[in-house]
Amino acid sequence: MPGKIIEIDTVCHTFADGYKGLKNISLSISKGEFIILAGKNGSGKTTFLRHLNGLLLPDSGKIMVNNKNVSNNLVRTRKTIGMVFQDADAQIVGDTVFDEVAFGLENLKFKRAKINKKVSLILEYLNLFHLRERNPSTLSGGEKRKIAIAGILVMDPEVILFDEPFSNLDYQGTIQVLKTIIDLNRSGHTIIIATHDIETMICEATRIIIMEDGVIKKDGKPHDIVKHLESHGVKEPCSSRFGLGLQPWLP
Ligand SMILES: Nc1ncnc2c1ncn2[C@@H]1O[C@H](COP(=O)(O)OP(=O)(O)OP(=O)(O)O)[C@@H](O)[C@H]1O
Ligand SMILES: [Mg+2]
């Protein structure tokens with residue numbers, strides 16, 4: 001039985017205007033899980049993800065990552081848990097793909113030789129090495145999203161959070177990013193994905209969590225959860241709707 005990596009205990013979050021974004025969330029996440037976070041617009045998915053790496057802090061309750069309280073261990077938490085944001089363009093800061101991926105290591109004052117080695121390895125692993133001199137803003141949506149993933153991966157996180165990783169991607173871009181995420185999970189990373197696009201990866205997921213109004217409504221194995229999706233405003237995959245069970249989306 002793999003160990004727990006994240007433990008969330010009765011977490012609440014109230015925004016400055018008084019809106020309650022999370023209400024009494026409790027759950028735990030084990031190493032190596034592949035979790036889909038589902039729920040309609042405004043259900044609290046992004047708010048939840050931002051708590052996991054300390055971008056937002058709970059006003060009551062606590063989140064433990066590897067047995068350390070996130071609120072008191074922000075740097076340690078962000079090394080363990082990386083987040084790929086919905087808008088990959090907004091994350092771009094470098095003039096070249098190489099600089100873009102090196103950015104986080106430079107901030108941490110790694111030595112130049114170490115940075116070059118780590119960035120090259122990650123770019124090769126993600127099949128991006130040939131793009132290393134390109135300006136990231138000129139790349140396709142799928143390439144940009146992979147570069148955002150490379151920028152997180154270079155920091156060696158154990159857990160990677162993805163907020164709508166397929167938004168604005170075409171078919172090829174979606175395949176590219178989905179294969180990358182599956183490989184990351186197979187190589188031992190814990191994956192949590194907030195998405196409206198359940199069909200694309202339901203076969204890969206070990207667990208689906210459905211949120212509504214800042215509350216967890218369902219949490220379980222994909223086979224057990226799939227028939228509850230529509231009653232919470234999330235599209236049930238066509239294969240399941242037509243009685244064909246859960247079918248892989250990748251060709
Ligand atoms: N800074 C803020 N101040 C007040 N309310 C906020 C703030 N950020 C988010 N909210 C509200 O919290 C709720 C949850 O927002 P969140 O972004 O977590 O939803 P989501 O499930 O990620 O939605 P989507 O599917 O559209 O990405 C929404 O009602 C939103 O308006
Ligand atoms: Mg969101």
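Indexing begins at 1, ligand by ligand and atom by atom, following the structure's order. Side chains are part of it too, since the values below use all heavy atoms of this structure and drop only hydrogens, waters and symmetry mates.
In this structure, the side chain to side chain contact (heavy atoms under 4.5 Å, CB included) partners of S140, at least two apart in sequence or on a different chain, are E143.
Partner of L153 under the side-chain contact (heavy atoms from CB on, under 4.5 Å) criterion, chosen from L121, L184, V84: L184. The only member of E212, K218, K217 that meets side chain to side chain donor-acceptor pair (under 3.5 Å) when paired with H232 is E212.
In the model, T200 has a side-chain atom that pairs as donor or acceptor with a side-chain atom of D197 under 3.5 Å.
Each protein N/O/S atom under 2.8 Å from the Mg ion (ligand 2) was counted, for a total of 1.
The side-chain hydrogen bond (donor to acceptor under 3.5 Å, both in side chains) analysis of residues 63-83, with sequence neighbours excluded, yields the pairs N66-E158.
Between the side chain of K45 and the main chain of M211, no donor-acceptor pair closer than 3.5 Å is present. No side-chain donor-acceptor contact under 3.5 Å links R145 to the backbone of T174.
Using cut-offs of 30° and 60° for the angle between ring planes, the F15 and H13 rings count as perpendicular.
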Where does ligand 1 get N/O contacts under 3.5 Å from the protein, atom by atom?
unit_1: ligand 1; atom_1: 18 (O); unit_2: T46; atom_2: N; d: 3.4
unit_1: ligand 1; atom_1: 18 (O); unit_2: T47; atom_2: N; d: 2.9
unit_1: ligand 1; atom_1: 18 (O); unit_2: T47; atom_2: OG1; d: 2.5
unit_1: ligand 1; atom_1: 19 (O); unit_2: G44; atom_2: N; d: 3.4
unit_1: ligand 1; atom_1: 21 (O); unit_2: S43; atom_2: N; d: 3.2
unit_1: ligand 1; atom_1: 21 (O); unit_2: S43; atom_2: OG; d: 3.3
unit_1: ligand 1; atom_1: 21 (O); unit_2: G44; atom_2: N; d: 3.0
unit_1: ligand 1; atom_1: 21 (O); unit_2: K45; atom_2: N; d: 2.9
unit_1: ligand 1; atom_1: 21 (O); unit_2: K45; atom_2: NZ; d: 2.8
unit_1: ligand 1; atom_1: 22 (O); unit_2: T46; atom_2: N; d: 2.9
unit_1: ligand 1; atom_1: 22 (O); unit_2: T46; atom_2: OG1; d: 2.8
unit_1: ligand 1; atom_1: 23 (O); unit_2: G42; atom_2: N; d: 2.8
unit_1: ligand 1; atom_1: 25 (O); unit_2: N41; atom_2: ND2; d: 3.1
unit_1: ligand 1; atom_1: 25 (O); unit_2: K45; atom_2: NZ; d: 2.7
unit_1: ligand 1; atom_1: 25 (O); unit_2: H196; atom_2: NE2; d: 2.9
unit_1: ligand 1; atom_1: 26 (O); unit_2: N41; atom_2: ND2; d: 2.8

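The pair R50-D163 fails the salt-bridge criterion, with no side-chain N (NZ, NE, NH1 or NH2) lying under 4.0 Å from an Asp/Glu carboxylate O.
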